[in-house]
A.B. asks: 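Have a look at this one before I ask anything.
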Amino acid sequence: MRREILNLLETNSRLTPSEIAAMLGRSEDEVAAEIKKMEDENIICGYHTLIDWDKLGEERVTALIGVKISPVRGEGFDRISTRISKFEEVKSVYLMSGAANDLILTIEGDSLKDISHFVYEKIAPMESVVSTATFFVLKKYKDHKVIMSEGNGIDSRVEGMA
């Protein structure tokens with residue numbers, strides 16, 4: 001039941017325990033208790049809202065930053081990854097395998113210049129950082145399982161539900 005609840009919440013975090021219970025043929029109390037337990041165990045780490053910032057007419061830029069690291073003996077990549085994770089601009093940090101970059105960061109800013117400044121003022125000068133590579137997102141076609149409509153923002157169809 002856990003995986004089923006998680007799949008539903010990952011697709012739509014606004015589903016109520018009552019709605020999930022109806023979808024799974026379970027009792028509302030059973031579903032609510034399981035959700036609470038998963039929150040307490042940090043299996044469910046938070047709930048997010050997907051926003052189409054383009055509809056506001058404001059510039060919002062997303063970039064993927066590849067970071068090559070010289071790992072510190074006894075600490076590997078943990079110390080630098082934790083430090084990078086604390087920056088507000090950083091939305092995600094992933095340790096990668098088989099890639100030219102050790103870490104991939106997702107960064108958001110108000111402009112290309114803001115992201116560039118962030119990378120060369122805060123990330124590149126860090127000890128252990130060997131190099132960075134910045135890739136700017138030009139257009140989002142799909143984000144968090146939601147297909148972004150051509151010119152219309154979010155398409156109400158979600159993967160597996162269309």
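This structure is a prediction, so every number in the text was calculated from the model and none was measured.
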A.B. asks: Are M1 and M23 in one and the same hydrophobic cluster, where Ile, Leu, Val, Met, Phe, Trp and Tyr link if side-chain heavy atoms are under 4.5 Å apart?
C.D. replies: yes
A.B. asks: Who pairs with S111 by side-chain contact (heavy atoms from CB on, under 4.5 Å), at least two apart in sequence or on another chain?
C.D. replies: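 Testing S111 for side-chain contact (heavy atoms from CB on, under 4.5 Å), a comparison that skips the adjacent residues, returns E59, K113, D114.
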A.B. asks: Nearest 0.5 Å, please: how far is OH in Y120 from OG1 in T134?
C.D. replies: 11.5 Å
A.B. asks: Starting from V90, can I reach L95 by hopping between I/L/V/M/F/W/Y residues whose side chains sit under 4.5 Å apart?
C.D. replies: yes
A.B. asks: Once rounded to the nearest 0.5 Å, what's the spacing between atom CD1 of I115 and atom OG1 of T62?
C.D. replies: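 Going from the CD1 atom of I115 to the OG1 atom of T62 covers 6.5 Å.
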A.B. asks: When you look at L9 and I35, which way does the side-chain contact (heavy atoms from CB on, under 4.5 Å) test go after all the steps?
C.D. replies: CA-CA 10 Å; L9 287 174; I35 290 171; 4.2 Å; yes
A.B. asks: How long is the gap from CZ on R60 to CG on D110, to the nearest 0.5 Å?
C.D. replies: 6.5 Å
A.B. asks: Of all the heavy-atom pairs spanning S128 and I80, show the shortest one and how long it is.
C.D. replies: CB-CD1, 4.4 Å
A.B. asks: Search all heavy atoms of I69 against all heavy atoms of V130 and return the closest pair with its distance.
C.D. replies: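 That closest heavy-atom pairing would be C-CG2, 4.0 Å.
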A.B. asks: Measuring from K86:NZ to S81:OG, what's the distance to the nearest 0.5 Å?
C.D. replies: 12.0 Å
A.B. asks: Please name the pair of heavy atoms, one in M126 and one in K122, separated by the smallest distance, quoted to 0.1 Å.
C.D. replies: CG-O, 3.1 Å
A.B. asks: Hey, could you give me each pair passing side chain to side chain donor-acceptor pair (under 3.5 Å) that has a residue in residues 19-36? Not counting sequence neighbours.
C.D. replies: R2-E34, T16-E19, R26-E30, K36-D40
A.B. asks: Any chance you could lay out the side-chain contact (heavy atoms from CB on, under 4.5 Å) test for F87 and I123, step after step, and finish with the verdict?
C.D. replies: CA-CA 10 Å; F87 290 114; I123 301 297; 4.2 Å; yes
A.B. asks: Which heavy-atom pair separates Y47 from S13 by the least distance, and what is that distance?
C.D. replies: CD2-CB, 3.6 Å
A.B. asks: Which atoms form the tightest heavy-atom contact between L6 and I44, and what is the distance?
C.D. replies: CD2-CG1, 3.6 Å
A.B. asks: For S116 and F136, which heavy atoms make the closest approach, and how far apart are they?
C.D. replies: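 For S116 versus F136, the nearest heavy atoms are OG-CZ, 4.1 Å.
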A.B. asks: Is there side-chain contact between L105 and V93, with at least one heavy-atom pair below 4.5 Å?
C.D. replies: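 Yes; the side chains approach each other to less than 4.5 Å.
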A.B. asks: Give a yes or no on this: more than 12 heavy atoms of other residues, nucleotides or ligands lie within 6.0 Å of atom CD of E121.
C.D. replies: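 Yes, CD of E121 has more than 12 neighbouring heavy atoms, counting only those of other groups under 6.0 Å.
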A.B. asks: Check whether any side-chain heavy atom of T106 lies under 4.5 Å from a side-chain heavy atom of V137, and answer yes or no.
C.D. replies: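 No. Closest side-chain heavy atoms not under 4.5 Å.
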A.B. asks: When you group the ILVMFWY residues by side-chain heavy-atom contacts below 4.5 Å and let the links chain together, are I65 and Y94 in the same group?
C.D. replies: no
A.B. asks: Kindly compute the distance separating CZ (F118) from CD (E108), expressed to the nearest 0.5 Å.
C.D. replies: 12.0 Å
A.B. asks: Flag yes if I104 and V119 sit in one hydrophobic cluster, no otherwise; membership is Ile, Leu, Val, Met, Phe, Trp, Tyr, and two members link when side-chain heavy atoms are under 4.5 Å apart.
C.D. replies: no
A.B. asks: Measuring from N101:CG to K68:NZ, what's the distance to the nearest 0.5 Å?
C.D. replies: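 Answer rounded to 0.5 Å: 7.5 Å.
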A.B. asks: Transitively linked via ILVMFWY side-chain contacts under 4.5 Å: V31 with L8?
C.D. replies: yes
